[in-house]
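Here's the structure, in structure tokens; my notes come after.
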Amino acid sequence: MNIYSLENIQPITAETVNKKQTVGESQQQFADSFKQAIDSINKAQYESDQKTEALAKGEIDDLHDVMITAQKASIMLQTGVEVQKKMVDAYNEVMRMQV
């Protein structure tokens with residue numbers, strides 16, 4: 001997940017509070033956000049792989065950039081895994097609720 005994508009979050013205003021959103025719209029919005037986060041992680045992993053391969057071939061010689069890119073991809077992946085675990089835990093908790 002890109003940290004800068006948090007800038008796209010819409011602030012809560014009186015207008016947005018009064019607007020009703022259907023369950024389907026909420027699900028689609030969540031699915032889109034989740035897909036965007038996964039795509040961002042995938043893009044970071046791909047970029048890291050490309051730079052590592054280019055370094056191994058001798059096409060680039062900036063080791064620092066390669067290491068920073070690899071660490072960034074690793075942190076994004078770890079964050080994604082932790083968010084996924086929290087989502088599964090929250091889902092399980094909701095399923096245990098008695099209505």
Side-chain angles (χ1 to χ4, degrees):
M1 174 180 277
N2 189 346
I3 294 173
Y4 299 108
S5 67
L6 296 177
E7 295 172 354
N8 297 330
I9 295 175
Q10 299 297 320
I12 297 176
T13 62
E15 228 174 68
T16 56
V17 170
N18 293 332
K19 182 184 174 202
K20 302 258 185 212
Q21 191 174 35
T22 67
V23 173
E25 290 172 339
S26 297
Q27 289 174 344
Q28 187 61 46
Q29 184 180 6
F30 178 78
D32 291 343
S33 297
F34 194 62
K35 183 178 182 329
Q36 182 181 3
I38 291 173
D39 288 344
S40 178
I41 292 170
N42 189 39
K43 181 179 175 185
Q45 291 288 330
Y46 180 77
E47 184 180 342
S48 175
D49 290 347
Q50 292 298 102
K51 286 189 178 188
T52 303
E53 187 176 320
L55 180 69
K57 290 180 179 179
E59 296 171 359
I60 60 174
D61 59 354
D62 188 1
L63 178 62
H64 288 59
D65 185 43
V66 174
M67 294 303 295
I68 289 169
T69 304
Q71 190 64 30
K72 178 182 171 184
S74 175
I75 290 170
M76 288 176 70
L77 181 60
Q78 288 173 350
T79 303
V81 168
E82 289 301 317
V83 168
Q84 180 261 341
K85 286 179 184 178
K86 292 292 183 183
M87 288 172 44
V88 169
D89 290 344
Y91 173 80
N92 288 333
E93 188 67 29
V94 168
M95 293 308 291
R96 283 192 291 263
M97 287 182 184
Q98 294 183 2
V99 181

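Here, residue 1 is the first one in the sequence, and each next residue gets the next number. As the structure is a prediction and not an experimental result, all values here were calculated from the model.
- The minimum heavy-atom distance between L55 and D61, with the atom names listed, is CD1-CA, 4.3 Å.
- What you find for Q29 and Q21 is that their closest heavy atoms are OE1-NE2, 2.9 Å.
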Q: Evaluate the side-chain hydrogen bond (donor to acceptor under 3.5 Å, both in side chains) criterion for residues Q36 and D32: first the C-alpha distance (whole Å), next the side-chain angles of each, then the deciding distance (0.1 Å), finally the verdict.
A: CA-CA 6 Å; Q36 182 181 3; D32 291 343; over 6 Å; no

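- In this structure, CG on L77 lies 10.5 Å from OG on S48, to the nearest 0.5 angstrom.
- Here the straight-line distance linking atom CG of D62 with atom CE of M67 works out to 12.0 Å at 0.5 Å rounding.
- For residues 83-95, the set of pairs meeting the side chain to side chain donor-acceptor pair (under 3.5 Å) definition, not counting sequence neighbours, comprises E93-R96.
- A donor-acceptor distance shorter than 3.5 angstrom exists from the side chain of T69 to the backbone of D65, with no hydrogens or angles considered.
- Between the side chain of S74 and the main chain of A70, no donor-acceptor pair closer than 3.5 Å is present.
- Counting heavy atoms from C-beta outward, M76 and Q45 have side chains that stay 4.5 Å or more apart.
- Atoms CD and NZ, from Q28 and K35 in turn, are 11.0 Å apart once rounded to the nearest 0.5 Å.
- Members clustered with M87: F30, F34, I38, V83, by chain and number, using a 4.5 Å side-chain heavy-atom cutoff among hydrophobic residues.
- With salt bridges taken as basic N to acidic carboxylate O contacts below 4.0 Å, none links E47 and K43.
- Side chain of E53 to backbone of Q50: no donor-acceptor contact under 3.5 angstrom is found.
- In this structure a side-chain-to-backbone donor-acceptor pair under 3.5 Å is present from T79 to I75.
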